[in-house]
Number of protein chains: 2
Amino acid sequence: MPTIKDIAEMANVSRTTVSRVLNNSGYVSDEVRKRILKIIEETGYVPSEHAKSLRTKKTKAIGVILPKISTETSSRLVSGIDEVLAEKGYQILLANTNLNKEKEIEFINLLKSRQVDGIILTATNINDELINEIKRVSMPFVVIGQEIPGVSNVLYDDYHAARAIISLFIEKGHQKIAFIGVDESDRAVGYWRKKGYLDVMKEHGYSVEPEWVQKGIFDIQSGYDAMKRIMEQSKIRPTATFAVTDRLAIGAMQYLKEKGYAIPADMALAGIGASEISHYVSPSLTTVDYLNEEAGKAAAKLILDKILKNDSSIKKITLNYRLLIRDSV
Amino acid sequence: MPTIKDIAEMANVSRTTVSRVLNNSGYVSDEVRKRILKIIEETGYVPSEHAKSLRTKKTKAIGVILPKISTETSSRLVSGIDEVLAEKGYQILLANTNLNKEKEIEFINLLKSRQVDGIILTATNINDELINEIKRVSMPFVVIGQEIPGVSNVLYDDYHAARAIISLFIEKGHQKIAFIGVDESDRAVGYWRKKGYLDVMKEHGYSVEPEWVQKGIFDIQSGYDAMKRIMEQSKIRPTATFAVTDRLAIGAMQYLKEKGYAIPADMALAGIGASEISHYVSPSLTTVDYLNEEAGKAAAKLILDKILKNDSSIKKITLNYRLLIRDSV
DNA sequence: CTGTTAGCGCGTTCAT
DNA sequence: ATGAACGCGCTAACAG
């Protein structure tokens, strides 16, 4: 790999001059410029970003920490982030925690050591250690999906989305509504979506049997298992079920179809996420579209504002959602 | 951000000593080590990877160029790559071409300027410019999905996978088989999968009507459109259709269901990709699982071998596939 | 066991 | 219009 020094020597000029044509700064005669450009072309010389970063303190790279790479949510998010970032010549440095909470902190430091210009974290939980770490890094930081104090957040409206679904069920005449959730350490998905469910039920004066409230993890199988428990254990059988993610809902649907229950006649069903698959199962699944790409774009814009405009304000952006009413209700 | 110099001053030692405790190299008294570590802890100091890279010529980062971020194939691939890379402390620097061929070359240079230790490219086409560019970069390079001469490749067995599907159709008694493909500039998906189809048809002496061979792009809608053309234009109506991707097949399925055709009675259907959705449509779609995660892992291992073991050999790895026979045939 | 020195590749004054 | 000299933060001989 040639360096600026090599190019300078080959062109019989100083490194400074080469640097000038590289950055279009200062004066340099046309003749010399042509000569230098030609040599750069021939050698395939590319200036080292590291050396540059060392001087300029800028890397044009943004660290993106994800809980899981291969999910639709993540890939849409990254796609949105990349779209906005690429426009300004920024790149993504990826970090995948695989749902391991300690890794979130580890990666924040790793990205810091790589001198990224900013970090976007898709959080799955909130804990003090994490909050402290974020405060310590003192660099542009945006959190997606969880409301963490002291930093800019891009949030989904989990509470109201959940309320919207339960309200829809009630509109359709349901009163006995079951719930498949996840652990509440995930405030957004676990806590707020559940609260939306419970609040609406309470406001309407509908009781919630303990067997109706089940918990799974983030996969299809656990949705299946949860629905099985609901159907087998409930003394009063519910007529509708709200699963906090599409995957859980799809799993629940599998169980119901397998056992010969009609959807939505015997059991109405809804999820959240607007996964592609939700569209193509039969019956098609009622769900909420969180517009992940928009979230990614919003986060990227936020971080670019912080970097480019030196905007250090703390913003909370709550995104819109779209209720997609389909055949499962 | 404190530097090694700051830490050294605070600890009343030289930068070298700090560097030693940082890298566990050379001797340093326990007392001094403790003192330094304490200060590092307190200040939240993290050494700059850029400065380090500048010296060591290593970045522990691998550039990954993708044609599109938010597809199942990509995310599985990245997931597999990351799994292997993370184990060795390497990170992914992401570059998304959005199917823009010129960007492939642009990104190769960009990644080069970032001094990544290697590049993994998921190629969608083969052209001389690209081949030349890859040869020029002279750094560990692995291409996934297309057979590019002169570099290590991880390949899917497109030809035989296509053959397997057509053979399956024929086994089930089909003789009039249609085809939905993509442009042949994509050698792997466009050319080889088509060749597999044509060859098997020819070997069995079955004719292929021109209307049976349609072309789409990579989305569901174009699968729908292609199937529409097949059904509306064919003088002799086929009884089975092979679409080169699941998305095309799903689109085709949509059309058939909409028009009231029974699957597989009126028309059998198969795709390639083993997308999650293929499992949950009804009828479930027969498809080929390309084990993208394995491909990602294989590519990552190849590149790590090149980097860590200085292995400069050119390898071609052709992956296995699994035929998933489901209800659509 | 610890410090001094040099240099990685680049951008940036400041001279000329 | 061009170059010399310096320093970004770090590691790696080499001395002691």
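Residues from residues 28-43 of chain A placing a heavy atom under 4.0 Å of any atom in DNA chain C do not occur. Residues of residues 17-24 of chain A having a heavy atom closer than 4.0 Å to DNA chain D, listed by number: A/Thr17, A/Arg20.
Between B/Ile148 and B/Lys135 the shortest side-chain heavy-atom distance does not fall below 4.5 Å. Under the 4.5 Å side-chain criterion, counting only non-hydrogen atoms from C-beta, A/Leu93 is in contact with B/Leu93. Considering only heavy atoms from C-beta on, B/Leu77 stays 4.5 Å or farther from B/Val64 through its side chain.
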Identify each atom pair where a protein N or O and an N or O of nucleotides 5-9 of chain C are less than 3.5 Å apart, giving names and distance.
residue	atom	partner	partner atom	Å
C/dA6	N6	B/Arg15	NH2	3.1
C/dG7	N2	B/Arg55	NE	3.2
C/dG7	N2	B/Arg55	NH1	2.8
C/dG7	N3	B/Arg55	NH1	3.4
C/dC8	O3'	B/Lys57	NZ	2.9
C/dG9	OP1	B/Lys57	NZ	3.2
C/dG9	N2	A/Ala51	O	3.4

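Heavy-atom contacts from other residues, nucleotides or ligands closer than 6.0 Å to NZ of A/Lys316 number more than 12.
Taking the six-membered ring where tryptophan is involved, the planes of A/His50 and B/His50 are tilted, since the angle between them lies from 30° to 60°.
Rounding to the nearest 0.5 Å places CG of A/Leu121 at 5.0 Å from CD1 of A/Ile65.
A donor-acceptor pair is defined here as one N or O able to donate and one able to accept, closer than 3.5 Å; such a pair exists between the side chain of B/Asn153 and the backbone of B/Val151. Although no hydrogens or angles enter the test, the distance criterion places no donor-acceptor pair under 3.5 Å between the side chain of B/Asn98 and the main chain of B/Asn100.
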Can you list, pair by pair, the side-chain donor-acceptor contacts under 3.5 Å of residues 106-117 of chain B, counting residues two or more places apart and other chains?
residue	atom	partner	partner atom	Å
B/Asn109	ND2	B/Glu133	OE2	3.2
B/Lys112	NZ	A/Gly44	O	2.9
B/Ser113	OG	B/Leu110	O	2.6
B/Arg114	NE	A/Gln91	OE1	2.9
B/Arg114	NH1	A/Thr59	O	2.8
B/Arg114	NH2	A/Thr59	O	2.9
B/Arg114	NH2	A/Lys60	O	2.8
B/Asp117	OD1	B/Thr59	N	3.0
B/Asp117	OD1	B/Thr59	OG1	3.1
B/Asp117	OD2	B/Thr59	N	3.2
B/Asp117	OD2	B/Lys60	N	2.7

Under 3.5 Å donor-acceptor pairs involving side-chain atoms of residues 137-147 of chain B, not counting sequence neighbours:
residue	atom	partner	partner atom	Å
B/Gln146	OE1	B/Ala188	N	3.2
B/Gln146	NE2	B/Thr124	O	3.4
B/Gln146	NE2	B/Asp186	OD1	2.8

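Nucleotides of DNA chain D lying under 4.0 Å from heavy atoms of chain B occupy a range whose first and last members, 5' to 3', are D/dG9 to D/dC14.
Between B/Asp30 and B/Lys34 there is a salt bridge, with a side-chain nitrogen of the basic residue lying less than 4.0 Å from a carboxylate oxygen of the acidic one. Ion pairing between a basic and an acidic side chain is recognised when a charged N comes within 4.0 Å of a carboxylate O; A/Lys38 and A/Glu42 show such pairing.
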